[in-house]
Amino acid sequence: MKINSKGVAPGNGNVIELKDIHKIYKMGGEDVHALRGVSLEIKRGEFVAIMGPSGSGKTTLMNIIGLLDKPSSGDYRLDGENVNRIGKSGQAQIRNRRIGFVFQAFNLLPRTTVLDNVLLPTIYGESGDGRGRAQGLIEKLGLGDVAHHRSNQLSGGQVQRVAIARALIMEPSIIIADEPTGNLDSVTAAEIMGVFRKINTDGATLVLITHEQELAAWAGRTVRLLDGRIIGTEGAGS
């Protein structure tokens, strides 16, 4: 499950740098401040949990880190590049090549095979031997015997492993996991978190979004959010 950080400068510096990030939404004519001056640095190869209750701003922060949304103000540098200045198409290319997403809801195509679900991101970007790489990931994640099953024929744990394989298919340097075990039992959740730890050990920067202390404990560092602000950091480099 070795991660190839293609297109990324070598070294162990910061891969993610957020400085004074604000995000304001307009709702019913009022300003809703989802993020209030968040500054955060994440080093290449780090495993960071972003933790907070519902409404704390963690999903908004995830969307900004993952280039799914733009801040209202502040700077975001990804591998030293100010991505706020990049247009939508450029951000989409960065997202496809360098960021993998794993969601609580899995977001698989239910009547599509495991193999084709894993291959989905290769439709949008250059992937080389995508099919061979997909088959390799499927085997490494213990899904070899169900590679040609439809995703709606799988268990919850198997479905989440498919989602992880799909996140890895473009060999991203950053994986963002949003409540990835929320629909799983405790035993399966622990197995999935073990997979994430292995991915991180193999070189990927891993950002885990969660409200559960048990999941955050798997990370090397926990960043706590409340009301759109960072209120504390625990663990390595805090």
Stepwise side chain to side chain contact (heavy atoms under 4.5 Å, CB included) check, Leu18 with Ile42: CA-CA 9 Å; Leu18 304 171; Ile42 298 176; over 6 Å; no
Gap separating the CG atom of Leu141 from the CD atom of Gln158, nearest 0.5 angstrom: 11.5 Å
Any Ser151 side-chain heavy atom under 4.5 Å of Leu109 side chain: no
Lys/Arg-Asp/Glu bridge criterion (N-O < 4.0 Å) met for Glu46, Arg221: yes
Within-4.5 Å side-chain heavy-atom neighbours: Met51 and Leu225: no
From Gln104 atom CD to Thr210 atom OG1, the distance as rounded to the nearest 0.5 Å: 9.0 Å
Polar side-chain atom of Asp178 near backbone of Leu208 as donor-acceptor pair, under 3.5 Å: no
Smallest separation among heavy atoms of Leu137 and Ala165, with atom names: CD1-O, 3.5 Å
Expected output: side-chain Glu139 to main-chain Gly136 donor-acceptor under 3.5 Å: no
Asn84 side-chain N/O to Gly74 backbone N/O, donor-acceptor pair under 3.5 Å: yes
Under 3.5 Å donor-acceptor, Ser72 side chain and Ile24 backbone: yes
Spacing of Thr112 atom OG1 and Asn117 atom CG [to the nearest 0.5 Å]: 5.5 Å
Residue of the set Leu120, Val118, Val114, Leu119 for which side-chain contact (heavy atoms from CB on, under 4.5 Å) holds with Asp116: Leu119
Cluster overlap Ile64 with Leu68, hydrophobic side-chain contacts below 4.5 Å: yes
Side-chain (Arg224) to main-chain (Ile231) donor-acceptor, under 3.5 angstrom: no
Note, Val48 side chain near Leu206 side chain (heavy atom, < 4.5 Å): no
Working for side chain to side chain contact (heavy atoms under 4.5 Å, CB included), residues Ile175 and Leu168: CA-CA 8 Å; Ile175 302 293; Leu168 295 175; 3.6 Å; yes
Distance-minimising heavy-atom pair for Leu115 and Ala134: CD1-CB, 3.8 Å
Straight-line distance of Ile199 CD1 to Met193 CE, nearest 0.5 Å: 10.0 Å
Sub-4.5 Å side-chain heavy-atom contact between Val38 and Leu61: yes
Glu179 side chain vs Phe103 backbone, donor-acceptor pair below 3.5 Å: no
Flag side-chain contact, heavy atom, 4.5 Å: Asn107 against Phe101: no
Short side-chain to backbone donor-acceptor contact, Gln135 and Gly132, under 3.5 Å: no
Residues in ring-ring contact (aromatic ring centres under 6.0 Å, His included) contact with Phe47, at least two apart in sequence or another chain: none
pair Ile16-Glu41: side-chain heavy atoms closer than 4.5 Å: no
All pairs passing salt bridge (charged side-chain N to carboxylate O under 4.0 Å, His left out) where residues 30-39 contributes a residue, at least two apart: Lys26-Asp31
Side-chain (Gln91) to main-chain (Val83) donor-acceptor, under 3.5 angstrom: yes
Test item: Asn14 side-chain N/O and Glu17 main-chain N/O as donor-acceptor pair under 3.5 Å: no
Interatomic spacing from CG in Asp185 to CD in Glu191 - rounded to 0.5 Å: 8.0 Å
Check: Arg98 and Leu78 side chains under 4.5 Å, non-hydrogen atoms: yes
Donor-acceptor pair, side chain of Thr201 and main chain of Arg197, under 3.5 angstrom: yes
Closest approach of Pro121 to Asn96 (non-hydrogen atoms, all atoms of both residues): O-ND2, 3.2 Å
Residue pairs involving residues 55-69 (criterion side-chain hydrogen bond (donor to acceptor under 3.5 Å, both in side chains); sequence neighbours excluded): Lys23-Asp69, Tyr25-Asp69
Side chain proximity check, Ile99 to Met170, heavy atoms < 4.5 angstrom: no
Ile65 side, atom CD1; Leu40 side, atom CG - distance, nearest 0.5 Å: 6.0 Å
Evaluation steps, side chain to side chain contact (heavy atoms under 4.5 Å, CB included), between Glu81 and Ile86: CA-CA 9 Å; Glu81 183 177 14; Ile86 300 174; 3.4 Å; yes
Exercise: identify the closest heavy-atom pair between Pro172 and Gly100: CB-N, 3.6 Å
Tyr76-Leu35 co-clustered via ILVMFWY side chain contacts under 4.5 Å: yes
Test side chain to side chain contact (heavy atoms under 4.5 Å, CB included) applied to Gln160 and Val102, step by step: CA-CA 8 Å; Gln160 191 60 295; Val102 182; 3.3 Å; yes
Single-linkage hydrophobic cluster, 4.5 Å side-chain cutoff, Phe196 and Ile138 together: yes
